[in-house]
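Each chain gets a letter, A, B and so on, in the order the sequences are listed, and its residues count up from 1. Just so you know, these numbers use all the heavy atoms, side chains as well, and skip hydrogens, waters and symmetry mates.
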Amino acid sequence: MHLLLVDGSGYIFRAFHALPPLSRKSDGLPVGCVQGFCNMLFKLTQDMDADEAPTHMAVIFDAKGKTFRDDLYPDYKAQRPPAPEELVPQFPLTRSATRAFSIPSIEMEGWEADDIMATYACMAKEAGWKVTIASSDKDLMQLVEPDGSIRLLDTIPRPGQPPLRWIGPDEVFTKFGVTPDKVIDVQALCGDSVDNVPGVPGIGVKTAAELINTYGNLETLLERAGEIKQNARREKLIANADLARISKKLVTLEQKVPVEIDLDGLIRQPMAPSALFPFLKAMEFATITKRLATLLEANPDDFEADPELKAGGETPVPGAPQKSSSLSVAKAKLAANVVPGSGPARFAAEEHARIKAIPVNYDDYEIVTTQERLAAWVAKIQDVGLVAIDTETTGLDPQTADLVGICLSTKIGEGCYIPVGHALAGDLLSGGGLVEGQLPIRDVLDALKPLIESAAILKIGQNVKYDMEIFWRYGISMAPIDDTMLISYALDGPRYNGMDVLADHWLSHKTITFSELAGTGKAQKTFDQLEIPAAARYAAEDADITLRLWHVLKPRLAAENATTLYETLERPLAPVLARMEARGITVDRQILARLSGDFAQRAAAFEAEAYELAGENFNLGSPKQLGDILFGKMGLEGGTKTKTGAWSTGADVLEDLAAKGIPLARTIVDWRQLTKLKGTYTDALPTYMNQRTGRVHTSYSQASVLTGRLSSNDPNLQNIPVRTSDGRKIRTAFVAAPGKTLISADYSQIELRVLAHIADIQALKDAFEEGLDIHAMTASEMFNVPVEGMPSEVRRRAKAINFGIIYGISAFGLANQLGIARGEAGDYIKTYFERFPGIRDYMDAQKVKVKADGFVTTIFGRKIQFPNANSGNPSERSFVERASINAPIQGSAADIIRRAMIRMEPELKKAGVDADMLLQVHDELIFEVPEGTEGAAIPVIKRVMENAAEPAVRLTVPIQVDAHAAKNWDEAH
DNA sequence: GCAAGGACGTA
DNA sequence: GTACGTCCTTGCA
């Protein structure tokens with residue numbers, strides 16, 4: 001891995017003096033630095049590609065406003081004159097240029113670009129990467145590493161010198177007379193007149209280097225200053241020791257900036273003509289446009305100049321002066337870049353309108369059946385550098401379905417289908433033959449494999465995890481990818497899941513449905529049984545529509561500030577989940593079979609008993625029949641109705657009846673438990689065992705939960721019983737493979753900790769800091785009883801209240817949960833709010849926010865939308881209030897474990913630990929490791945999970961993970 | 001054959 | 001009181 005950081009702000013200032021001035025022809029806007037900047041980006045990527053191509057890249061800018069250095073030393077950078085007028089409009093333009101080149105542009109309020117670069121360099125170094133910083137700023141020289149793993153690259157053009165000049169340890173020594181690690185000590189002494197760092201008056205670089213080399217470091221020097229022979233020098237040092245110390249703080253770069261995008265988010269993206277040329281055209285940079293057109297094999301004439309940026313662009317800005325110089329108009333317009341409805345948002349809206357207007361024409365799709373046409377498609381994909389791709393298979397389970405065809409699209413309106421597995425009709429015995437005219441599957445995969453695995457070609461899909469797993473079974477690793485389903489999820493949540501819904505909503509296009517093609521129910525055909533021409537229309541449409549959706553949705557990420565979420569929390573997780581699904585977990589069939597028998601017998605006994613008690617036979621599984629018997633025939637009191645008017649026979653109702661001495665109620669409860677365990681688990685799980693792997697492979701849905709959690713299905717392995725002893729027996733059937741051991745690692749009280757952090761509740765934070773029993777502590781605070789010897793009932797109530805808080809408490813709900821009166825529950829809540837007043841503030845803030853904005857957010861910026869926050873229906877409204885209180889808590893915890901999962905595999909690898917992540921259950925991760933290595937694996941797993949929030953968010957509560965190893969899940973948990 | 005409702009397993 | 005997925009029955013086609 002190789003990270004390239006570009007010092008954007010540093011470049012602009014230096015280029016301004018080094019480059020000849022240049023004005024845009026049509027309106028005289030000064031753009032010299034912008035052009036130099038574009039040339040530099042182009043040159044950097046070209047020259048470095050030839051050598052050691054950076055795999056990750058970002059341009060870092062200074063943000064406006066104060067930094068910690070201003071507090072440290074109010075005169076810091078005080079003498080700096082205001083930026084020249086010609087430079088001002090070029091600041092935002094260089095940011096636009098960065099985005100046009102598809103490079104992340106990063107700036108953070110309160111931090112200088114240097115600190116952000118130091119942080120990333122430090123992160124990359126820790127990860128064992130190479131780092132190049134494109135800057136010649138001497139303040140960055142302290143980051144240079146003696147082994148060359150971090151180097152600077154001077155990119156300012158200078159006559160008679162090569163365009164790019166490396167700055168390594170030798171160059172640093174030439175400049176400062178010391179090794180890079182001592183640069184800050186030298187700077188502390190000699191100061192810096194440009195930044196107004198004081199240093200020790202009268203000491204320059206030479207003297208400073210001499211002193212530091214003699215005494216080793218600044219502190220030692222200051223301590224032993226009295227030993228210095230030269231009078232003047234000695235007195236100056238003693239008198240100004242504090243100034244030197246402050247200076248050191250000023251020049252020392254912060255390496256722990258809480259950056260929002262982690263390293264993975266900086267992965268290099270291919271340049272997109274649709275982003276690049278509108279910008280370059282608006283700037284009227286002819287030469288570089290031509291060079292990039294050649295490089296990308298794109299036609300700039302296909303693109304219009306960005307209307308926001310082009311000379312005399314239309315968009316009037318509210319409040320902007322009507323008549324003004326072109327310069328101030330440009331300034332005003334650029335400021336409007338951040339206003340919704342302009343800049344990126346406008347671009348996204350225009351793209352949407354443009355794409356939506358292109359009709360779908362099924363006749364334009366191609367069926368590829370010859371090597372020549374296959375080769376032509378391969379060439380086309382290589383040219384364009386991106387491809388929408390979709391696999392058609394014999395089923396929905398990526399671990400068993402076989403490939404039937406592949407569809408591709410590189411340009412909207414075009415698409416092809418490559419059939420490889422359509423089967424001849426016929427009975428089962430004569431099956432196995434393929435329809436003639438299809439290319440051999442091996443030939444097709446051999447031709448496509450280099451593309452699918454090429455780092456230079458972006459694969460775009462809808463629910464790519466599925467295709468990834470299919471291709472993996474054919475020996476192909478799909479990367480890099482973009483997923484329209486995940487982009488949509490990052491933007492809009494699970495609202496428009498599914499390509500048919502996305503196409504309908506964004507493109508107003510109704511796609512061919514699979515049922516239309518293959519029928520429904522038992523008679524539904526599998527894809528291999530379809531006629532190729534019909535299959536091709538459906539399949540090629542999928543690829544074409546996916547590409548259209550990508551063009552519509554991707555620009556919205558930047559426009560709606562969801563890029564970080566998508567790049568750090570969604571896109572990198574998909575391959576991790578794909579691998580977990582592919583691994584599966586071993587389930588002991590015999591244990592389940594024995595349990596099924598046991599449960600069946602005991603259920604039958606309860607069934608007979610129920611008939612006896614009811615005085616008649618009826619279907620115990622029918623709530624309707626049961627309700628009629630209990631509240632009709634037996635005439636019991638206290639029955640409640642469900643919303644459809646049926647008798648309610650839930651477990652809580654039956655428990656109440658049982659307590660009143662109705663034995664039938666207890667019998668039903670027991671029967672239900674056993675049949676539930678049998679039907680949903682012990683009978684069902686064996687049917688999910690994969691013939692090929694002998695394991696059970698769940699499927700995770702990454703994009704269907706409102707709060708950002710995952711969900712698991714087919715089978716759902718996130719609701720395997722644990723609360724009852726019969727239920728836990730099912731967990732003993734989840735076992736480690738021979739020679740392996742399972743590890744279960746779970747977050748302790750993660751949601752309460754997240755609540756303590758978000759709502760800033762000092763009492764809760766202190767309790768977690770001290771490692772107290774949080775429910776007992778709550779009980780002690782609320783009921784004024786000591787934790788020592790606390791009755792379990794008291795603790796139980798406090799626990800229920802804590803959970804209630806997380807769920808957006810109501811007196812009604814708490815009363816139900818605890819079986820107490822509404823009034824009493826209301827008193828509890830009141831007491832709680834009095835003891836922890838911050839909680840009420842948090843809750844009120846969420847309610848206000850959801851009504852005003854229609855969404856709330858997690859600490860990582862995930863938006864959770866509530867479209868009916870202002871519903872006219874009061875119960876719906878209070879439902880949204882409770883959900884808006886819960887969502888940031890549940891969602892932030894979900895984001896934390898997602899981050900842990902994304903980092904887990906590389907960190908295990910780095911630590912030399914062989915461990916396979918198998919399952920996720922919201923706050924728990926299950927691993928499989930070779931027997932005897934659990935001692936090595938557990939500390940790494942705990943470290944990654946406990947530090948998962950950083951560096952994006954520094955939590956103000958400790959995070960605790962408990963991990964255990966055992967042969968089965970029950971014992972490991 | 002399918003959708004809705006009820007019930008219940010998990011965090 | 002939050003967030004899910006699955007099984008079963010029921011009622012309508």
Candidates A:Leu717, A:Leu710, A:Leu577 - the one meeting side chain to side chain contact (heavy atoms under 4.5 Å, CB included) with A:Gln920: A:Leu710

Between A:Tyr496 and A:Asp504: side-chain donor-acceptor atoms closer than 3.5 Å: no

Plane angle bin for A:Tyr828 and A:Phe783 - parallel if under 30°, tilted between 30 and 60°, otherwise perpendicular: perpendicular

Side-chain heavy-atom pair A:Leu592, A:Arg589 within 4.5 angstrom cut-off: no

Sugar-phosphate only, base, or nothing, as touched by A:Arg709 at under 4.0 Å among non-hydrogen atoms: base

Sugar-phosphate, base or nothing in reach of A:Lys676, heavy atoms under 4.0 Å: base

Touch class at under 4.0 angstrom, heavy-atom based, for A:Phe879 against every strand present: sugar-phosphate

Sugar-phosphate, base or nothing in reach of A:Gly521, heavy atoms under 4.0 Å: sugar-phosphate

Sugar-phosphate only, base, or nothing, as touched by A:Arg723 at under 4.0 Å among non-hydrogen atoms: base

Touch class at under 4.0 angstrom, heavy-atom based, for A:Thr680 against every strand present: sugar-phosphate

Sugar-phosphate only, base, or nothing, as touched by A:Ile806 at under 4.0 Å among non-hydrogen atoms: nothing

Sugar-phosphate, base or nothing in reach of A:Ser878, heavy atoms under 4.0 Å: nothing

Sugar-phosphate only, base, or nothing, as touched by A:Gln817 at under 4.0 Å among non-hydrogen atoms: base

Touch class at under 4.0 angstrom, heavy-atom based, for A:Leu710 against every strand present: nothing

Presence of salt bridge, A:Glu637 and A:Lys660, under 4.0 angstrom: no

Residues A:Asp853 and A:Lys863 bridged, charged N to O under 4.0 Å: no

Sugar-phosphate, base or nothing in reach of A:Ala684, heavy atoms under 4.0 Å: sugar-phosphate

Between A:Thr649 and A:Arg672: side-chain donor-acceptor atoms closer than 3.5 Å: yes

Pairwise distance CG(A:Leu772) to OG1(A:Thr778) - rounded to 0.5 angstrom: 10.0 Å

Distance-only polar pair, side chains of A:Asp683 and A:Ser596, donor-acceptor under 3.5 Å: yes

Touch class at under 4.0 angstrom, heavy-atom based, for A:Ala894 against every strand present: nothing

Range on DNA chain C touched by chain A - first to last nucleotide, heavy-atom distance under 4.0 Å: C:dG1 to C:dG11

Span of DNA chain B in contact with chain A (heavy atoms, under 4.0 Å): B:dG1 to B:dA11

A:Asp746 vs A:Met945 side-chain heavy atoms within contact, under 4.5 Å: no

Sugar-phosphate only, base, or nothing, as touched by A:Ser701 at under 4.0 Å among non-hydrogen atoms: nothing

Sugar-phosphate, base or nothing in reach of A:Thr649, heavy atoms under 4.0 Å: sugar-phosphate

Side-chain H-bond candidate by donor/acceptor type, A:Ser878 with A:Glu881, under 3.5 Å: no

Of residues 819-840 of chain A, the positions that come close to DNA chain B - non-hydrogen atoms, cut-off under 4.0 Å: none

Cation-pi geometry met for A:Lys641 and A:Trp647 (6.0 Å, 45°): yes

